[in-house]
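One structure below.
First the proteins, then the strands, lettered A, B, ... as listed; each starts at 1.
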Number of protein chains: 2
Amino acid sequence: MSTRSVPDRIAAGTSPDGGRERILAAAARLFREHGYAAVSLRAIAGEAGMQGGSLYHHFRGKEDIVGAVLDLGIQRVHAAVEAALAELPTDAGIRESMHAAVAAHLEALLSHSDYTSANVRIFGQVPPAVQEGNKAVRRAYEKLWADLLDRAADHGTLRPDLDLRLVRRALIGALNATLEWFDRENMDPRHLAAAYADLFLNGIVEESA
Amino acid sequence: MSTRSVPDRIAAGTSPDGGRERILAAAARLFREHGYAAVSLRAIAGEAGMQGGSLYHHFRGKEDIVGAVLDLGIQRVHAAVEAALAELPTDAGIRESMHAAVAAHLEALLSHSDYTSANVRIFGQVPPAVQEGNKAVRRAYEKLWADLLDRAADHGTLRPDLDLRLVRRALIGALNATLEWFDRENMDPRHLAAAYADLFLNGIVEESA
DNA sequence: GTCTATATGATGATAGAC
DNA sequence: GTCTATCATCATATAGAC
């Protein structure tokens with residue numbers, strides 16, 4: 001039995017998962033900035049405070065590392081949005097639900113931006129086997145949004161001529177694109193969320209007619 | 001004076017710019033699929049039907065090639081949208097202008113998808129000097145959209161509380177994200193353009209109130 | 001304008017000491 | 001669990017023949 005607390009073990013680098021987590025954080029940051037192929041295992045190890053060969057104690061290889069980074073990039077956003085929707089009253093309308101989901105997505109997206117941006121940027125560049133592994137995680141998150149929009153449509157609060165698949169893709173595309181320009185120094189993510197939810201709910205023109 | 005027509009010279013690979021264009025097309029396709037660092041000059045040369053050393057007759061090196069690919073990815077869309085807007089009557093409203101601009105952006109984006117997708121995917125992964133070179137091209141295209149939205153706001157046809165910078169970024173983000181899933185076999189780009197223009201103009205909820 | 005050959009260095013992965 | 005040493009392979013860029 002360990003004689004050190006969990007934080008102490010993490011600080012000492014002897015936590016069972018401390019090494020693994022340090023490696024993933026380093027990999028996410030480097031993959032985001034330089035792409036998949038440009039990042040050497042030596043560079044990841046260096047950022048994580050170890051030598052190249054030590055990575056193979058925690059992961060089977062480069063594909064194993066990037067697979068974990070890609071999955072975390074989706075799963076953290078998925079968990080945040082799921083939790084935000086669970087906190088809403090059961091009779092919440094589309095405006096309230098959309099705002100909560102958009103705000104949770106953006107807050108998680110921009111808080112874990114090394115993982116989420118790495119996912120958006122390099123998914124299309126990793127080996128096919130790694131892509132396949134991440135697709136299941138992606139589909140699970142897409143279903144959350146599809147269900148949210150379907151429920152609103154069933155309640156008659158959405159315009160009936162919409163293609164909800166296109167709405168979902170446009171919305172997620174616009175949200176994820178914020179990774180390329182958003183700067184916490186200049187804007188509050190909650191302001192961004194309010195503006196984006198309003199934009200998709202109401203559009204830009206003054207009158208509907 | 002050449003005894004062959006321009007198409008013949010291009011087909012024979014003896015056009016003054018045929019080699020350069022073949023190299024750029026090959027590079028765009030490979031950069032899009034595998035990322036910047038993953039693509040070797042030998043691979044680009046092979047796709048273009050030559051050997052590695054021959055590239056240096058047309059370009060100074062890898063950064064020169066990727067810079068040209070990134071610039072073309074923006075410039076071709078910019079030119080298409082500019083031409084579409086120029087064809088509109090001078091008294092065209094925001095609905096007509098938005099639809100024309102969205103349709104032209106999507107058509108050019110998806111027609112030159114190797115160049116445009118390479119730009120979206122690898123811009124953040126190329127050396128800083130290459131990024132700087134492409135930023136001027138990006139800013140020029142952003143100004144076109146900023147002017148379009150500003151004119152509509154001046155005419156009072158937009159909701160007055162909008163942050164037009166955010167509207168522009170959300171719209172371009174949603175449009176460019178189509179590169180990751182759009183398939184010409186399953187959808188007409190004009191249908192996509194109509195749905196996206198309508199979505200941003202009118203939003204998704206049934207009533208504005 | 002394209003070729004071959006080459007200089008110089010970095011890569012992913014592995015083996016085995018401690 | 002981390003280290004060092006090493007293998008085989010691949011990279012960009014250059015030089016010079018044709």
Side-chain angles (χ1 to χ4, degrees), chain A residues 2-4 6 8-27 30-31 33-69 122 125-130, chain B residues 2-4 6 8-27 30-31 33-69 122 125-130:
Chain A
S2 173
T3 60
R4 285 188 283 195
V6 168
D8 281 353
R9 278 186 284 118
I10 289 173
T14 61
S15 165
D17 282 329
R20 188 183 163 89
E21 284 167 21
R22 277 206 323 284
I23 292 166
L24 290 176
L30 293 170
F31 285 145
E33 192 171 340
H34 299 109
Y36 174 64
V39 175
S40 69
L41 294 181
R42 286 168 179 82
I44 295 173
E47 284 279 315
M50 55 183 74
Q51 298 292 325
S54 305
L55 294 179
Y56 288 86
H57 180 75
H58 301 276
F59 295 93
R60 289 189 301 271
K62 194 176 184 182
E63 296 193 8
D64 195 22
I65 294 176
V66 76
V69 167
I122 74 173
Q125 304 173 351
V126 297
V130 180
Chain B
S2 173
T3 60
R4 285 188 284 195
V6 169
D8 282 352
R9 278 187 283 119
I10 290 173
T14 60
S15 165
D17 281 328
R20 187 183 164 91
E21 283 167 22
R22 276 206 325 280
I23 291 166
L24 290 175
L30 292 171
F31 285 145
E33 191 171 341
H34 300 110
Y36 175 63
V39 175
S40 70
L41 294 182
R42 286 172 180 79
I44 295 173
E47 284 280 314
M50 54 182 78
Q51 298 293 325
S54 306
L55 295 179
Y56 288 85
H57 179 75
H58 302 275
F59 295 93
R60 289 190 301 270
K62 195 176 183 182
E63 297 193 8
D64 194 22
I65 294 175
V66 76
V69 168
I122 74 172
Q125 304 172 350
V126 297
V130 179

Atom [atom1] of [X] to atom [atom2] of [N]: distance rounded to whole Å?
| X | N | atom1 | atom2 | answer |
| --- | --- | --- | --- | --- |
| A:Arg20 | D:dT2 | CZ | P | 13 Å |
| B:Leu41 | C:dA5 | CG | P | 19 Å |
| A:Glu63 | C:dA13 | CD | P | 7 Å |
| A:His58 | C:dA13 | NE2 | P | 16 Å |
| A:Arg42 | D:dT2 | CZ | P | 18 Å |
| B:His34 | D:dA11 | NE2 | P | 12 Å |

Option passing side chain to side chain contact (heavy atoms under 4.5 Å, CB included) with B:Gln125 (candidates A:His34, A:Gln125, A:Glu33) |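 Checked A:His34, A:Gln125, A:Glu33 against B:Gln125; only one passes side chain to side chain contact (heavy atoms under 4.5 Å, CB included): A:Gln125.
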With no hydrogens and no angle check, is any side-chain donor or acceptor of A:Arg22 less than 3.5 Å from a backbone partner on A:Ala48?
->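 The answer is yes, because a donor-acceptor pair under 3.5 Å joins these two groups.
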Residues touching DNA chain C, which here means a heavy atom under 4.0 Å, drawn from residues 46-57 of chain B =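 Going residue by residue through residues 46-57 of chain B, the ones with a heavy atom under 4.0 Å of DNA chain C turn out to be B:Met50, B:Gln51, B:Gly53, B:Ser54, B:His57.
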Taking OP1 and OP2 of C:dT11, is either one under 4.0 Å from a side-chain nitrogen or oxygen of A:Ser40?
->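 Affirmative; the distance criterion is met.
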So do [Y] and [X] actually touch side chain to side chain, heavy atoms under 4.5 Å?
| X | Y | answer |
| --- | --- | --- |
| A:Ile44 | A:Lys62 | no |
| A:Glu63 | A:Val126 | no |
| B:Leu41 | B:Ile65 | yes |

Heavy-atom closest pair, residues B:Phe59 and B:Ala68 =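 Heavy atoms of B:Phe59 and B:Ala68 come nearest at CE2-CB, 4.4 Å.
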